[in-house]
Amino acid sequence: MAGSPDLSVLERPAHEVAPLLLGATLRHGDVALRLTEVEAYAGPLDPGSHAYRGRTPRTEVMFGPAGFLYCYFVYGMHVCANVVTGPDGEAGAVLLRAGEVIDDDAGHPASGPARLCRTLGITLEENGTDLRSGPVTLELADPVPASAVSTGPRVGLRAAADTPWRFWLTGEASVSTYRPAAPRRTRR
DNA sequence: ACGCTGATGCTCT
DNA sequence: GAGCATCAGCGTC
């Protein structure tokens, strides 16, 4: 039966896939969480995307087929994870920004993409792995009504700050408050 | 309550 | 060598 879940819906553009991931379940080992906040990143035409500068060793996974995990290192100490979207050969990904741990009485929040990865134990070793077979798996949920989804600009970008490709479940405690791009540290 | 800053290392130029 | 899809801690109001 559900040996290999159908993730073909991920083959659509990232900004269409993103809201469909809200409410989905992401598992790694014994930890599972329900996604509450995501952001869409497109290909070389999106100035906010890692793929903006074209295909590089790091972004290789983003250009591959949908349904794989794209992990990257940022700010020296953090890992963030994306779900690759779009057809093979076109870059696209949805950044997983926040979730709520399930099978946990406290409903422990995992707020922020780096904290989400730390909660699930996702590292660079999981980069490029298949979300159908694991070790990290994605189980889609029934689409949530559009009225339950809020949108806004993506967090922490210096470019394309006007593109409202951040999606979250309205009122979720695990969703972080919006933070514009960090002003570049004044050099001296 | 909110805003600014440093820490830390991988990635691309 | 510069920049970064971040976070936590400290300062100020």
Side-chain angles (χ1 to χ4, degrees), chain A residues 10 13-22 24 26 28 33 35-64 66 68-86 90-101 108-129 131 136 138 149-169 172-188:
Chain A
L10 301 182
H15 69 277
E16 293 183 18
V17 172
L20 300 177
L21 294 183
L22 294 174
L26 193 69
H28 186 211
L33 56 78
L35 297 175
T36 57
E37 180 188 9
V38 298
E39 282 177 0
Y41 288 88
L45 296 181
D46 176 7
S49 173
H50 284 172
Y52 183 56
R53 299 218 170 247
R55 199 163 180 154
T56 71
R58 178 176 63 153
T59 59
E60 182 65 24
V61 177
M62 270 187 85
F63 285 82
F68 284 75
L69 197 64
Y70 166 49
C71 306
Y72 65 91
F73 229 100
V74 72
Y75 290 109
M77 54 181 102
H78 300 301
V79 172
C80 299
N82 302 249
V83 171
V84 175
T85 70
E90 286 184 29
V94 176
L95 172 67
L96 309 177
R97 287 201 58 89
E100 190 177 39
V101 177
H108 184 75
S111 306
R115 300 197 76 217
L116 182 151
C117 284
R118 202 178 58 173
T119 298
L120 281 180
I122 292 174
T123 69
L124 286 186
E125 287 195 18
E126 278 72 50
N127 184 42
T129 57
L131 288 165
V136 181
L138 178 69
V149 178
S150 298
T151 65
R154 294 173 291 185
V155 174
L157 292 192
R158 305 178 57 74
D162 53 329
T163 304
W165 278 1
R166 174 177 172 236
F167 303 82
W168 67 94
L169 292 176
E172 274 291 330
S174 56
V175 175
S176 53
T177 53
Y178 173 62
R179 218 184 138 181
R184 197 182 310 172
R185 196 185 343 159
T186 58
R187 300 181 55 252
R188 33 162 292 127

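Computation of the quantities below employed the complete heavy-atom set of this structure, encompassing side-chain atoms and omitting hydrogens, waters and symmetry-equivalent molecules. A note on names: the letters A, B, ... follow the listed sequences, proteins ahead of strands, and every chain is numbered from 1.
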Checklist entry - dT12(C) pairs with which nucleotide, Watson-Crick or G-U wobble, both distances below 3.5 Å? => result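 Pair assignment: dT12(C) / dA1(B).
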
Checklist entry - Taking a pair as Watson-Crick or G-U wobble with both distances under 3.5 Å, which nucleotide is matched to dT6(C)? => result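 Because both required distances fall under 3.5 Å, dT6(C) counts as paired with dA7(B).
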
Item to check | Listed nucleotide nearest any side-chain atom of Arg58(A), set dC10(B), dA5(C), dC12(B) | outcome: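 Between dC10(B), dA5(C), dC12(B), the one nearest the side chain of Arg58(A) would be dC12(B).
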
Next on the checklist: Can you tell me which nucleotide in dC7(C), dC12(B), dA5(C) comes closest to the side chain of Ala114(A)?
Outcome noted: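 Nearest to the side-chain atoms of Ala114(A), counting from C-beta on, is dC7(C).
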
Checklist entry - Start at the 5' end of DNA chain C and walk down; is the nucleotide closest to Ala51(A) or to Arg115(A) reached first? => result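 It is Ala51(A), whose closest nucleotide lies nearer the 5' terminus.
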
Checklist entry - Heavy atoms under 4.0 Å, any strand shown: does Arg154(A) hit a base, just sugar-phosphate, or nothing? => result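 The residue Arg154(A) makes no contact with any strand.
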
Checklist entry - So do the side chains of Leu96(A) and Val83(A) get within less than 4.5 Å of each other, counting heavy atoms only? => result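 The answer is yes; the side chains approach within 4.5 Å.
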
Item to check | Within 6.0 angstrom of Arg118(A) CZ, more than 12 heavy atoms from elsewhere | outcome: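 No.
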
Checklist entry - Would you say the base of dA5(C) and the side-chain of Tyr72(A) have a donor-acceptor pair closer than 3.5 Å? => result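 Checked by distance alone, the answer is yes.
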
Checklist entry - So does His50(A) get a side-chain nitrogen or oxygen closer than 4.0 Å to the phosphate oxygens (OP1/OP2) of dA5(C)? => result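 For His50(A), the contact criterion (side-chain N or O under 4.0 Å from OP1 or OP2 of dA5(C)) is met.
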
Item to check | Short side-chain N/O contact to dT6(C) OP1/OP2 from Arg97(A), under 4.0 Å | outcome: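 The answer is yes; a side-chain N or O of Arg97(A) sits under 4.0 Å from OP1 or OP2.
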
Checklist entry - For His50(A), which of Tyr72(A), Phe73(A), Tyr41(A) qualifies under ring-ring contact (aromatic ring centres under 6.0 Å, His included)? => result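 So, applying the ring-ring contact (aromatic ring centres under 6.0 Å, His included) to His50(A) and each of Tyr72(A), Phe73(A), Tyr41(A), only Tyr72(A) qualifies.
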
Item to check | Residue met sooner reading DNA chain B from 5', once Tyr75(A) and Leu124(A) are mapped to nucleotides | outcome: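 Closer to the 5' end of DNA chain B: Tyr75(A).
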
